[in-house]
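Just the heavy atoms: all of them, side chains too, but no hydrogens, waters or symmetry mates, feed the values below.
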Amino acid sequence: ALPQVRQAEVDLSTGTATLSYPLLEWTVGSYPVRIGLSYRVGAFTTDELPGWIGLGWNLTGAGAVSRTVMGQPDELRTFEMRKSGDADIDYISDLTDYRKDASLDRYSYNCPGGSGQFVIQNGHITQLPQTNNKIELIGEEERGVRDFRITTPDGTRYEFCERELISYHYIPFNLYAGFIPPDYMAVSSWHLSRIILTESADTIRYEYAAAPFWSRDHNRPTESITVREDPGKPEKYFWLPQIASGMFVNNNRTDFETSVIPQRIVSRSGSVEFTYDRTQAFRMIISGMIHRDAAGNIVKKITLATDRKGRYKLQKITITGADDTLIDEQQFFYHERDSHYYGDLFNYPNASSSTPYSITTMLDPETLELNARRKPNFNYAVSDALRQTVSATGIVTDYVYESNTIRLEKTTAPQRARSISDTIAGNIKPILPWPEVPDTIIHPDPPNPAAPDSTVTIGIRLKSIRQRDRITAREQTRTFSY
């Protein structure tokens, strides 16, 4: 058998995998503090950015409550949801002019005590789905919102009070008279600030440093094409031109006003200090950790080395003792492709950065087929995906991918009719019985049995993972089918 190494946990429903690397651990009373890293093995869209560690990497052992704003932040607009029959013109006008909101913001949390999602309506928290954890609003209201406390069944309390603030700005291509911008400024995240152990026996503090202000443009090529009917012309129809320019697309931008990054984790029995890479003026990346005991003596040091390029790919994890003796090391190698910022239909890389991009629509106006520039390309879809890891003991792990192509099987006319009738019947049966639809429905345009099933390709998925020992030459391979 091969020496013990970290195995990727593969999700066969997505074709991706998760790698986990525990780095530091100590106890506060009976509570274990564990700090580590996790990585998502798979494809990355062209607009994905690195977090605190690097592209695809997350710090484990910390935590946050994050919010996805649906429409407008809940605290800025009156929530009112009506049934279609009650949606009069005044109500529709209130929604389109941002005086009211028909969607609740979605909150999600992740911390050592668990993870989950919830919504807030009129100060009441509803978990989606319900868990054994208790979620409360704490502290004073500021900017229309309060902070959070999550209590696990054993009585451990996780409090989230370190806020991040964003502002959103939108300017449409077609700026009409009376346009009301949906711009807003709101709290987007609440980071874990302390863990209070059962009966308040101990407290673990999380301290943060301010990260630089930065902005993110969400401008993308238009997803549609416009046709004008012109009977006076011989061709009758005229495709309106589409130009790949910031002047011809909707402009929207998010400003990260007050970003933070972990600085220290402090407890009675030990602490961790974080160091940073500031190669880029607008971004800070964690470059190391120093673990100290209760007396302040160094126990272990972690060094995280990246390529220091735009998306910060983590290249090496090094763990050493207080005397710099090597304890463990892991190296990471990625597929390197110079890919274009504009990707395929699902925004995965599909062309070189030097490729012209003059047509921005999904459909080619000449053929009405999928624009060749929006089609998937496996050679570029693997850009920045993990290719290989090498452990300190000489175990080499290779990650092999294939196109994530899904076959959409065609249905017969009776199958389609049955599906539609069942859906309708299921929706209205409590009100009006729906007659059974026979399987022998005659369809005016039956499908061609010889026609192939259609397919769609969404990025890449894992095909196999091969491990080999450089010393003994032993190998083992895990293959995956979908």
Side-chain angles (χ1 to χ4, degrees), residues 38 40 45 47-53 58-81 95 98-131 133-152 157-170 181-195 206 208 210-218 252-262:
S38 67
R40 175 174 62 84
T45 57
D47 56 355
E48 288 190 65
L49 296 174
W52 288 337
I53 307 297
N58 284 303
L59 178 70
T60 60
V65 174
S66 59
R67 167 165 67 164
T68 300
V69 174
M70 310 296 290
Q72 289 279 294
D74 290 345
E75 66 273 15
L76 300 184
R77 300 291 181 268
T78 301
F79 174 76
E80 183 179 350
M81 180 180 290
L95 294 180
Y98 306 107
R99 288 186 292 270
K100 293 182 179 179
D101 199 347
S103 301
L104 291 173
D105 296 344
R106 180 67 66 96
Y107 295 80
S108 60
Y109 72 90
N110 194 305
C111 67
S115 60
Q117 297 186 353
F118 60 92
V119 295
I120 305 175
Q121 185 175 5
N122 298 325
H124 176 72
I125 295 176
T126 301
Q127 297 191 52
L128 306 170
Q130 185 65 38
T131 71
N133 288 340
K134 178 183 178 182
I135 305 176
E136 304 171 85
L137 296 170
I138 61 173
E140 298 297 323
E141 185 176 289
E142 184 179 351
R143 288 193 171 274
V145 294
R146 297 169 65 190
D147 298 328
F148 297 96
R149 176 190 295 135
I150 297 175
T151 306
T152 57
R157 289 168 286 171
Y158 299 84
E159 296 189 349
F160 303 82
C161 307
E162 187 69 38
R163 299 181 172 197
E164 287 190 323
L165 190 68
I166 64 168
S167 59
Y168 176 75
H169 310 274
Y170 174 75
D183 299 8
Y184 62 80
M185 180 179 289
V187 180
S188 62
S189 301
W190 293 255
H191 290 280
L192 180 62
S193 53
R194 53 188 163 268
I195 302 175
Y206 288 71
Y208 297 85
F213 168 92
W214 65 289
S215 295
R216 180 174 187 179
D217 291 327
H218 305 282
N252 55 102
R253 182 186 82 248
T254 299
D255 292 337
F256 295 81
E257 307 280 352
T258 56
S259 298
V260 298
I261 190 168

Is there a donor-acceptor pair under 3.5 Å between the side chain of [X] and the backbone N or O of [Y]?
X: E164; Y: F256; value: no
X: S259; Y: A211; value: no
X: S193; Y: E159; value: yes

**Message:** Taking the six-membered ring for Trp, are H191 and Y206 closer than 6.0 Å centroid to centroid?
**Reply:**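 So the answer is no for these two rings.
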
**Item:** All ring pair (Phe, Tyr, Trp, His ring centres under 6.0 Å) counterparts of F148, not counting sequence neighbours
**Value:**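 F148: ring pair (Phe, Tyr, Trp, His ring centres under 6.0 Å) contacts with Y107, F118, W190.
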
Closest heavy-atom contact between [X] and [Y]?
X: P112; Y: L192; answer: CD-CD2, 4.3 Å
X: L165; Y: T258; answer: N-OG1, 2.8 Å
X: S115; Y: N110; answer: CB-ND2, 3.9 Å
X: L59; Y: P262; answer: CD2-CG, 4.1 Å
X: R163; Y: V260; answer: O-CG1, 4.3 Å
X: A102; Y: M81; answer: O-CE, 3.0 Å

Measuring from [X]:[atom1] to [Y]:[atom2], what's the distance to the nearest 0.5 Å?
X: Y168; Y: R253; atom1: OH; atom2: CZ; value: 10.5 Å
X: I150; Y: I135; atom1: CD1; atom2: CD1; value: 5.0 Å
X: D255; Y: D217; atom1: CG; atom2: CG; value: 9.0 Å

Among all residues two or more places apart in sequence or in another chain, which pass the side-chain hydrogen bond (donor to acceptor under 3.5 Å, both in side chains) test with [X]?
X: R146; result: none
X: T152; result: D154
X: Q117; result: R106
X: T131; result: Q127

**Asked** Does the side chain of S167 pick up a donor-acceptor pair with the side chain of H169 at under 3.5 Å?
**Response**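 Indeed, the side chains of S167 and H169 share at least one donor-acceptor pair under 3.5 Å.
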
**Message:** Would you say S189 and S66 are linked by a side-chain donor-acceptor pair, where the criterion is simply a distance under 3.5 Å?
**Reply:**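 The answer is no; no qualifying pair exists.
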
For [X], enumerate each residue passing the salt bridge (charged side-chain N to carboxylate O under 4.0 Å, His left out) test, keeping only those at least two apart in sequence or located in another chain.
X: D183; result: none
X: D101; result: none
X: R40; result: E48

**Y98: partners by side chain to side chain contact (heavy atoms under 4.5 Å, CB included), with sequence neighbours left out** =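 For Y98 the side chain to side chain contact (heavy atoms under 4.5 Å, CB included) partners, ignoring immediate neighbours, are Q72, R77, I180, P182.
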
**Item:** Qualifying side chain to side chain donor-acceptor pair (under 3.5 Å) pairs with a residue from residues 133-143, counting only residues at least two apart or across chains
**Value:**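 Every side chain to side chain donor-acceptor pair (under 3.5 Å) pair that includes a residue of residues 133-143, provided the two are not neighbours, is Y109-N133.
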
**Prompt:** For Q121 and L104, what are the C-alpha separation, side-chain angles and deciding distance, and is it a side chain to side chain contact (heavy atoms under 4.5 Å, CB included)?
**Reply:** CA-CA 8 Å; Q121 185 175 5; L104 291 173; 3.9 Å; yes

**Item:** side chain to side chain contact (heavy atoms under 4.5 Å, CB included) between L95 and E80, worked out
**Value:** CA-CA 9 Å; L95 294 180; E80 183 179 350; over 6 Å; no

**Message:** With salt bridge (charged side-chain N to carboxylate O under 4.0 Å, His left out) as the rule and sequence neighbours excluded, what pairs involving residues 59-75 come up?
**Reply:**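 Qualifying pairs: R67-E75, R67-D105.
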
**Pairs touching residues 120-131 that satisfy salt bridge (charged side-chain N to carboxylate O under 4.0 Å, His left out), sequence neighbours left out** =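 Salt bridge (charged side-chain N to carboxylate O under 4.0 Å, His left out) check on residues 120-131 returns no pairs.
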
**Message:** Any heavy-atom pair between the side chains of I120 and L137 that's under 4.5 Å?
**Reply:**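 The answer is yes, as the side chains (C-beta and beyond) meet within the 4.5 Å cut-off.
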
**Message:** Please determine whether side chain to side chain contact (heavy atoms under 4.5 Å, CB included) holds for the pair I195 and C111, giving the CA-CA distance in whole Å, both sets of side-chain angles, and the decisive distance to 0.1 Å.
**Reply:** CA-CA 10 Å; I195 302 175; C111 67; over 6 Å; no

